[in-house]
Amino acid sequence: MDISVIVPLYNEAESLPELEAWISRVMKAYAYSYEIIFVNDGSTDNSWQTILDLREKNPNVKGVCFRRNYGKSPALNVGFERALGDVVITMDADLQDSPDEIPELYKMIVDDGYDLVSGWKQKRYDPLSKTIPTKLFNATARRVSGIPNLHDFNCGLKAYRRDVVKNIEVYGEMHRYIPYLAKNAGFARIGEKVVHHQARKYGKTKFGLNRFVNGYLDLLSLWFVSTFGKKPMHIFGFLGTIMFLIGFCAAIAVGAIKLCALWAHEPARLVTDTPWFYIALTMMILGSQFFLTGFIGELISRNSADRNSYQIKDEID
């Protein structure tokens, strides 16, 4: 199969027939063999019934229906698991991503040799309250991830070589950082394509400003895990060593002050009356705790067995 198109959705019943017809029209025009995998993320509207109706008309339509709303990352991960195409395309269901971009994205993967191509909505139809935080967020993500050529990490329109989606795990809200996940998995050929951004035609946006705060926290988490996930002792052991040394030096200072006073036959202050005693005590305790944290981190796997186990209500193949 040439292409798998994965469409995560939440309450997008109005846009689905138009999106399916548009994707199918493009696929037929270029004679691609394809499948469309709609992942219904616990919608409360008529989205799942709409998908079932589309399947009746088009056998290339497949679907997964979550029992409740989990989020975009779990929806993408489930879609990746089921994708059969040599090239996997992801796009949002709100018609803001244009299926007309698919042939060029496919060509960049197959002919140009990219592992992943991310869309860049250079001209956006969003309010300033969304575009300005987005620019700041993307600038930070470029710096932390070490992928300087990407301008829009969060663009839903992306193309992947099949090996990529089968070797990465998208969980929590990590869909924003799929290029970073791919890079960490060893897929270094990451490109970008300017894509057309359309104004939302139906419904309303599902994302609030809190996603930018969560985005930075997720980026920090991903950076830490990718840098120290397999070697936690490198960070915790280093911090523990520094703190323990500071505490040890402070303890020596306390002892030296006491000995000097005794040697000079001068009245000596109680060690508990000096700040160095408390500095020594605190730092040595913290240093020991950081060391223990590092050892425990080395023993515990960061992967949970059921982290990507989701309750699926229905599915069509």
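For the pair V5 and M27, the minimum side-chain heavy-atom distance is below 4.5 Å. Considering only heavy atoms from C-beta on, D2 stays 4.5 Å or farther from Y30 through its side chain. Looking at heavy atoms from C-beta onward, S98 lies in side-chain contact with W22 at the 4.5 angstrom threshold. Contact of the F187 side chain with the D163 side chain is registered, since non-hydrogen atoms from C-beta on lie closer than 4.5 Å. Counting heavy atoms from C-beta outward, L19 and I23 have side chains that approach closer than 4.5 Å.
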Does the pair Y32 and Y34 meet the rule for a ring pair (Phe, Tyr, Trp, His ring centres under 6.0 Å), with working shown? CA-CA 6 Å; Y32 294 136; Y34 72 100; 8.9 Å; no

Derivation of the side-chain contact (heavy atoms from CB on, under 4.5 Å) call for I89 and K158: CA-CA 6 Å; I89 307 286; K158 289 183 173 67; over 6 Å; no

Walk me through it: do I178 and F153 pass the test side-chain contact (heavy atoms from CB on, under 4.5 Å)? CA-CA 8 Å; I178 290 180; F153 278 75; over 6 Å; no

Derivation of the side-chain contact (heavy atoms from CB on, under 4.5 Å) call for M91 and I102: CA-CA 10 Å; M91 62 173 54; I102 290 176; 3.9 Å; yes

Does N58 form a side-chain hydrogen bond (donor to acceptor under 3.5 Å, both in side chains) with E20? I'd like the steps, not just the answer. CA-CA 9 Å; N58 183 356; E20 183 275 331; 2.8 Å; yes

Assess whether side-chain hydrogen bond (donor to acceptor under 3.5 Å, both in side chains) is satisfied between T50 and D53, documenting all intermediate values. CA-CA 5 Å; T50 302; D53 293 341; 5.4 Å; no

T44/Y10 under side-chain hydrogen bond (donor to acceptor under 3.5 Å, both in side chains): CA gap, chis, key distance, verdict: CA-CA 8 Å; T44 56; Y10 178 69; 4.6 Å; no

What's the verdict on ring pair (Phe, Tyr, Trp, His ring centres under 6.0 Å) for Y160 and F80, showing C-alpha distance, side-chain angles and the deciding distance? CA-CA 10 Å; Y160 312 80; F80 287 162; 5.4 Å; yes

Worked check of side-chain hydrogen bond (donor to acceptor under 3.5 Å, both in side chains) between H196 and E101: CA-CA 8 Å; H196 180 60; E101 306 283 356; over 6 Å; no

Audit row: M283, F244, side-chain contact (heavy atoms from CB on, under 4.5 Å) steps and yes/no: CA-CA 6 Å; M283 287 299 184; F244 194 88; over 6 Å; no

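Criterion: ILVMFWY side-chain heavy atoms under 4.5 Å apart, direct or through other members. Under it, Y278 and F248 are not part of a common hydrophobic cluster. Both I246 and L239 belong to a single network of hydrophobic side chains, linked directly or stepwise wherever heavy atoms of I, L, V, M, F, W or Y lie under 4.5 Å apart. Under the 4.5 Å side-chain heavy-atom criterion for Ile, Leu, Val, Met, Phe, Trp and Tyr, I242 and F236 are members of the same hydrophobic cluster. Clustering ILVMFWY residues whenever any of their side-chain heavy atoms sit less than 4.5 angstrom apart, transitively, puts V144 in the very cluster that holds M174. In the hydrophobic clustering of ILVMFWY residues, with side-chain heavy atoms under 4.5 Å counting as a link, L286 and F238 come out together.
Within the 3.5 Å criterion, the main-chain N or O of H175 finds no donor-acceptor partner in the side chain of N77. Here the side chain of D41 pairs no donor or acceptor atom with the backbone of L9 at under 3.5 angstrom. Judged by distance alone, the side chain of S4 and the main-chain N or O of L84 form a donor-acceptor pair under 3.5 Å. Between the side chain of N69 and the backbone N or O of G42 there is no donor-acceptor pair closer than 3.5 Å. For the pair S15 (side chain) and L95 (backbone), a donor-acceptor distance under 3.5 Å is absent. Between the side chain of R55 and the backbone N or O of V61, at least one donor-acceptor pair lies under 3.5 Å.
Residues A250 and I279 share a closest heavy-atom pair of CB-CG2, 4.0 Å. Taking both residues in full, the closest heavy atoms of K121 and C155 are given as CE-SG, 3.7 Å, listed atom of the first, atom of the second, then distance. The shortest non-hydrogen separation linking H151 to N149 is ND1-O, 3.6 Å. Residues K62 and I51 share a closest heavy-atom pair of O-CG2, 4.5 Å. Considering all non-hydrogen atoms of both residues, D97 and G156 come closest at OD2-C, 4.0 Å. Minimum interatomic distance between V254 and F277 (heavy atoms only, all atoms of both residues): CG2-N, 3.4 Å.
Taking S47 as the reference, D45 meet the side-chain hydrogen bond (donor to acceptor under 3.5 Å, both in side chains) condition, with sequence neighbours excluded.
In this structure, the separation between CD1 on I6 and CD1 on I37 is 5.0 Å, given to the nearest 0.5 Å. Distance check, rounded to the nearest 0.5 Å: CG of N60 to CD1 of I36 gives 7.0 Å. Summarising the geometry, atom CG belonging to D86 is positioned 7.5 Å from atom OG belonging to S33; distances are rounded to the nearest 0.5 Å. Here CE of M1 is found 10.0 Å from CZ of R162. Values are rounded to the nearest 0.5 Å. For the atom pair D94 CG and L16 CG, the distance stands at 10.5 Å (nearest 0.5 Å). If you take CZ on R82 and CD on E35, they are separated by 11.0 Å, rounding to the nearest 0.5 Å.
By the 30° and 60° cut-offs, the orientation of the rings of F66 relative to Y70 is perpendicular.
The local environment of NZ in K166 is crowded, with over 12 non-hydrogen atoms from other residues, nucleotides or ligands closer than 6.0 Å.
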Going by atom type alone, with no hydrogens or angles, which donor-acceptor pairs under 3.5 Å involve a side-chain atom of residues 104-120 and a protein atom two or more places apart or on another chain?
from: D115; atom 1: OD1; to: R161; atom 2: NE; distance (Å): 3.4
from: D115; atom 1: OD2; to: R189; atom 2: N; distance (Å): 3.2
from: S118; atom 1: OG; to: D152; atom 2: O; distance (Å): 3.4

